[in-house]
There are 2 protein chains.
Amino acid sequence: MPSDALSTTFAALADPTRRAILARLADGAATVGELAEPFAMSLPAVSKHLKVLERAGLIARGRAAQWRPCQLQAGPLRDATDWLEDYRHFWDESLDRLDAYLKDLDSRKPPKRKKR
Amino acid sequence: MPSDALSTTFAALADPTRRAILARLADGAATVGELAEPFAMSLPAVSKHLKVLERAGLIARGRAAQWRPCQLQAGPLRDATDWLEDYRHFWDESLDRLDAYLKDLDSRKPPKRKKR
């Protein structure tokens, strides 16, 4: 099990259902029932995913006993993005190289022949 | 085990040693021995982490039998960042709210008294 905050965040994001739950919560708070609907998943299965997200600090849950709406908490997503940003120049560079290559290819094209 | 590419990427990033290996590779290609050095870790333990990174497409390894240098592959990191970018306005908004709150606090301060 990961123990540092960033590892816990990335582990929580390493599941398509949990990412879909976060995407749903980006539209506003929702109950467990509302979150379970689109997944054809049992409430306990969804609750398990919610616990992982809650432990990672990616969602917070209301206090009302029956209706405990879940809400997105974006702080850990910001920290994950901050970590990834350090690598941005690697793919930016690759795109620059691709761009230069395509321009070079283009300049080598023979001039278009006139139709006879 | 995660099966989709994005889940595989996030799972690979959910470990501090693997993130440290990627950080080292950001400075240039390195052999398994060079990567193992700073971690006081056995070569098989490091190789296990490298396999996870390789499966996730985050590193590529040279073909030379003895000296198979590892190289960073940033594509999956770009895809992970793209996913996270959709949530950027959430933390930007929180910072805006904090900023507004601090400005409001500031405007409520009583004017500084002159020293007697």
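Chain identifiers are assigned alphabetically (A, B, ...) following the order of the sequence lines, protein sequences preceding nucleic acid strands; residue numbering begins at 1 within each chain.
- Below 4.5 Å, heavy atoms of chain B meet heavy atoms from A:Ala23, A:Ala26, all part of residues 23-49 of chain A.
- Residues B:Ser7 and A:Ala14 come closest through the heavy atom pair O-CB, 3.4 Å.
- With a 4.5 angstrom heavy-atom cutoff, B:Leu72 touches chain A only via side-chain atoms.
- Under the 4.5 Å side-chain heavy-atom criterion for grouping Ile, Leu, Val, Met, Phe, Trp and Tyr, B:Val52 is not connected to B:Leu58 through any hydrophobic cluster.
- Taking chain A as the reference chain and counting heavy-atom pairs below 4.5 Å, the highest number among B:Leu6, B:Thr9, B:Asp86 is found for B:Leu6.
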Exercise. Report the C-alpha separation of B:Leu84 and A:Trp83 in whole Å, then their side-chain angles, then the decisive distance to 0.1 Å, and conclude whether the side-chain contact (heavy atoms from CB on, under 4.5 Å) test is met.
Key: CA-CA 11 Å; B:Leu84 284 159; A:Trp83 185 86; over 6 Å; no

Quiz item: Should B:Tyr87 and A:Leu22 be marked as a side-chain contact (heavy atoms from CB on, under 4.5 Å) after you check the CA-CA gap, both sets of side-chain angles, and the distance that decides it?
Solution: CA-CA 9 Å; B:Tyr87 296 85; A:Leu22 292 178; 4.1 Å; yes

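- Only the side chain of B:Glu85 comes within less than 4.5 Å of a heavy atom in chain A; its backbone stays farther off.
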Exercise. For side-chain contact (heavy atoms from CB on, under 4.5 Å), just list the numbers for A:Arg19 and B:Phe10, CA-CA rounded to whole Å, side-chain angles, deciding distance to a tenth of an Å, and then say yes or no.
Key: CA-CA 11 Å; A:Arg19 291 197 304 277; B:Phe10 282 132; 3.9 Å; yes

